[in-house]
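Notes follow once the structure below has been shown.
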Amino acid sequence: MATPTVVPIDKIIPHTVKPREDTGLNNVKIGIWLFLASEVMLFGGLFASYILLRVGADRWPRGEEYLSIPWATANTLILIASSVTMVMAWASCIRKDFGKYRLYMGLTVLGGLGFMIIKYIEYTSKFHHGYFPSTNTFLAVYFTLTGLHALHVLSGMIVNLYFWGPGAKMWHTEHERFTNRVETAGLFWHFVDLVWIFLFPILYLL
Amino acid sequence: MSGTSYDQIDVDHHVKIYLRVFAALAVLTVITVAVAELHLAPGWAIALALTIATVKGSLVACYFMHLISEKKLIYALLILAALFFLFELILPFVTENNSLHQIL
Amino acid sequence: MAESEHHDHDHHHEELGFWRKYVFSTDHKVIGIQYAVTGMLFLFFGFCLMMLMRWQLAFPGEPVPLLGKLFPRGLPGGVMLPEFYNELGAMHGTIMVFMGIVPLAVGGFGNFVLPLQIGAPDMAFPRLNMMSYQSFLIGGLIMFGSFFLPEGAAQSGWTSYPPLADIAPSGQTAWLIGMVFLITSSLLGAINFLVTTIQLRADGLSFFRLPFFCWAQFVTSFLLLLAFPPLEAAAFMQLMDRVAGTSFFLPSGLVVSGQALEVSGGGSPILWQHLFWFLAHPEVYVLILPAFGIVAEIIANNTRKPLWGYKSMVYSLIVLGFLSFVVWAHHMFLTGMGTTMSAFFQTTTMMISIPSVIILTALILSLWGGSIRFTTPMLFALGFLPMFGIGGLTGLPLGLTAPDIHLHDTYYVIGHFHYVVAPGTIFALFAGIYYWYPKVTGRHMSEFWGKVHFWPSFVLMNLIFFPMLIQGMAGMSRRMYDGGATYAHNEGVLYLNKVISFAAWGLALAQIPFILNLFLSLRKPKTASANPWRATTIEWAAPSPPGHGNFTRPVAAYRGPYEYSVPGESEDFTPQFEPAKAPVAAH
């Protein structure tokens, strides 16, 4: 080879962008759903543990004995709103409106940030009251489940921030692929929202 | 959504749906909190709260995650995951209590 | 099918630097080799741990010759400490299962062979594939490094049962963190395998034209994808127990060494067992299914016959996959679960033996009337059949609640599952190495030294594991530091400890021809043709070894995977990738 121009492997792998005829899907779409299926099993394991421990406990506190329902309600609304801005960002990709895309994606990241700030306030106030994961099983479940969920929010924010910033270069070079990527990031973000929709009543309200 | 060329998607229609779903989710969130304030009997409270959560979750999955118009393969995959999820959720509990009556 | 993006492979022969080519490679073949080599190193390391344990079992309390200076912490003066024995046991299991067999069978063979067999240029997500290997390597290094911690590696068995694991020394924390990396690696790998199989199959390669090996990897990947996350959840909880002081697995009122443990309590040690075995039973099938796949390929090739009952084998695989998720509590019959649920799990356990028997029977019937070539891979594949048979059948008494009361936690259990994975899966892996070596390297391994490897290994494997079945039936408990000498009822079977130990050390010697063969064959000239075994599946359409992008011409499947000895054909094999010879109207 005279000129060692490196051809990215993506170029020779079929169906990275265009769907395969018999499945009607591209690779990334199947990949993210498989990943979400495994996430379902991960949180399923934790929910199963919660059920087992709660049923086995002599007394199980109501969430409001330890936790703040107003903060959590606010967080639920923030996360739902950020899901909406996420789909709006995707819709802006299809409309080819880069300004709107930047705006909505930015709002999505800010929504995640707002959620994390409130989570931080909640955690520190628990620590101030002397409530730690080691205090009792309820708080152990609370900190583990919300902690793992917060890690997911954080990773979603990092991905979204990447597509808002440096990753957005692909908007101009491979628009369809970029739209797929935003959709994929969105699927993860909505899943994180979906998990919270269940965590909220289970931990705070029951 | 994949499989459809992006030019064929009626985005304006989609956006209208997103906003309606957003409104529904907000209202349902308020309802969940309000119901919790009523301090119903634990059985009813759990059933009601989980029903509302399921409705909200389905709205997110169907409209935001586009499951309402997804390809068969994804459905098959999710049914499989849902099945194993149920095993995972129910069986340890049942095994410890030796009967299904205690949950039903 | 839209294959238009798939063209001109010759253009993609670019030269990459050393690091991109061998270390941070995204090429599935390099990653497959990385996985296989690392996996084999860990297998060897895990075997060494076992050989050390066998000394203590054969000669309890006597100083180990030569090695005392090497391990001052675990073998002061050459005499093994009980804690060190526990470390060896726990890490032998962990290493063999999670860092030896799975990386070799799934990461190694799956990565190398699967894309080739389906006619794909690479995995669907090459960078994810690289991350999967690196995550595995980090997890493996953490596990290996934990031996150098001041208190040593994990000591709580590969099952890490709490409450002991919760209060064990720091090695257990390293174990948990290592596991999180290994699980992440498996998840990334599984997603990649599934998407690759679904999306990147060549034109004409419908699911029922897939070679059995691909089916085995496909079902295995589903198991990895859906069974591992619960263990990840459990690992997080045990980590919280150890680091943040929670009591997920610690019951109230726990007393350790005469002192009440200062924890909030209210947890459930059984919960860990549920989450652990929810993974670990499907994991058993992760260990065995790729072995089925390898053996099926080799048997079809060396009998020069189609597999007998290919479709029933595929359906059996799928049923196995499903059922493997609802049998886990048969590991827990003695935890005091009620009779209704033990009856349920006993029934599912008996049911799951049916598809395994169908697959094994189909493989044995495939031999009938074949003109068998006794090549080295075929010898190992043939050795696999009775060995897996013994392993499977000895499992039945364990799956029935009544005999399990007697056999639970005895050497019988060890004999049973080692028959499945050691002379079972590992023989299949050896078969696969001999079979695909020409494809990987372009060179042949020596048939003579292959046979010198096979026969002693076969005899010694049985000398190791069959006596364990006898010891177990005599009531000898596993995990005994002194080899069971404490208990008078073991007296009659104690002599077997020496037999097993000498057989184990002999087995190590029997691997020398293999190791030499593996490395010295690399120095031979590249003489292997593209299809040295005269096989039918698509990987043999690629050159040996395949270049970047795999195939030199576009490939497609024109028929089923095992068209051997088709009447009327001039050759005794009709490859999947050859177009029909009859004049075609098109053109």
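In what follows, chains carry the letters A, B, and so on, assigned in the order in which the sequence lines appear, proteins first and then strands, with residues in each chain numbered from 1.
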Task: Contact origin within Val40(A) toward chain C - heavy atom pairs under 4.5 Å - done: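 Nothing of Val40(A), per the 4.5 Å heavy-atom cut-off to chain C.
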Step through the shown structure and confirm whether more than 12 heavy atoms of other residues, nucleotides or ligands are within 6.0 Å of [atom1] on [X].
{"X": "Glu262(C)", "atom1": "CD", "answer": "no"}
{"X": "Phe188(A)", "atom1": "CZ", "answer": "yes"}
{"X": "His172(A)", "atom1": "NE2", "answer": "yes"}
{"X": "Tyr120(A)", "atom1": "OH", "answer": "no"}
{"X": "Trp164(A)", "atom1": "CH2", "answer": "no"}

Segment of [X] engaging chain A (4.5 angstrom heavy-atom cut-off):
{"X": "Phe125(C)", "answer": "side chain"}
{"X": "Ile270(C)", "answer": "neither"}
{"X": "Leu271(C)", "answer": "both"}

- [ ] Decide yes or no on side chain to side chain contact (heavy atoms under 4.5 Å, CB included) for Leu46(A) and Phe236(C), but give the supporting numbers first.
- [x] CA-CA 10 Å; Leu46(A) 292 165; Phe236(C) 283 137; 5.6 Å; no
Would a 4.5 Å heavy-atom cut-off, applied to side chains only, mark [X] and [Y] as touching?
{"X": "Ile12(A)", "Y": "Asp122(C)", "answer": "no"}
{"X": "Phe132(A)", "Y": "Thr246(C)", "answer": "no"}
{"X": "Glu232(C)", "Y": "Met41(A)", "answer": "no"}
{"X": "Leu200(C)", "Y": "Ile13(A)", "answer": "yes"}

Please name the pair of heavy atoms, one in [X] and one in [Y], separated by the smallest distance, quoted to 0.1 Å.
{"X": "Pro121(C)", "Y": "Pro14(A)", "answer": "CG-CD, 3.9 Å"}
{"X": "Ser268(C)", "Y": "Leu52(A)", "answer": "OG-CD2, 4.3 Å"}
{"X": "Phe222(C)", "Y": "Leu34(A)", "answer": "CE2-CD2, 4.3 Å"}

For chain C, the option from [options] that forms the most heavy-atom pairs under 4.5 Å:
{"options": "Ser134(A), Gly45(A), Ala140(A)", "answer": "Ser134(A)"}
{"options": "Ala48(A), Gly56(A), Pro133(A)", "answer": "Pro133(A)"}
{"options": "Ser49(A), Gly31(A), Ala57(A)", "answer": "Ser49(A)"}

Could you tell me the separation between the [atom1] atom of [X] and the [atom2] atom of [Y], rounded to the nearest 0.5 Å?
{"X": "Met237(C)", "Y": "Leu148(A)", "atom1": "CE", "atom2": "CG", "answer": "10.0 Å"}
{"X": "Glu21(A)", "Y": "Asp203(C)", "atom1": "CD", "atom2": "CG", "answer": "9.5 Å"}
{"X": "Thr196(C)", "Y": "Ile30(A)", "atom1": "OG1", "atom2": "CD1", "answer": "10.0 Å"}

- [ ] Check whether any side-chain N or O of Gln199(C) sits under 3.5 Å from a backbone N or O of Leu25(A) as a donor-acceptor pair, and report yes or no.
- [x]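 Answer holds: yes.
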Task: Main-chain N/O of Gly265(C) paired with Thr137(A) side-chain donor or acceptor, under 3.5 Å - done: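 Judged by distance alone, yes, a pair lies under 3.5 Å.
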Task: Residue selection (most heavy-atom pairs with chain A, distance under 4.5 Å) from Leu188(C), Asp241(C), Leu275(C) - done: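 When all of Leu188(C), Asp241(C), Leu275(C) are compared, Leu275(C) has the most.
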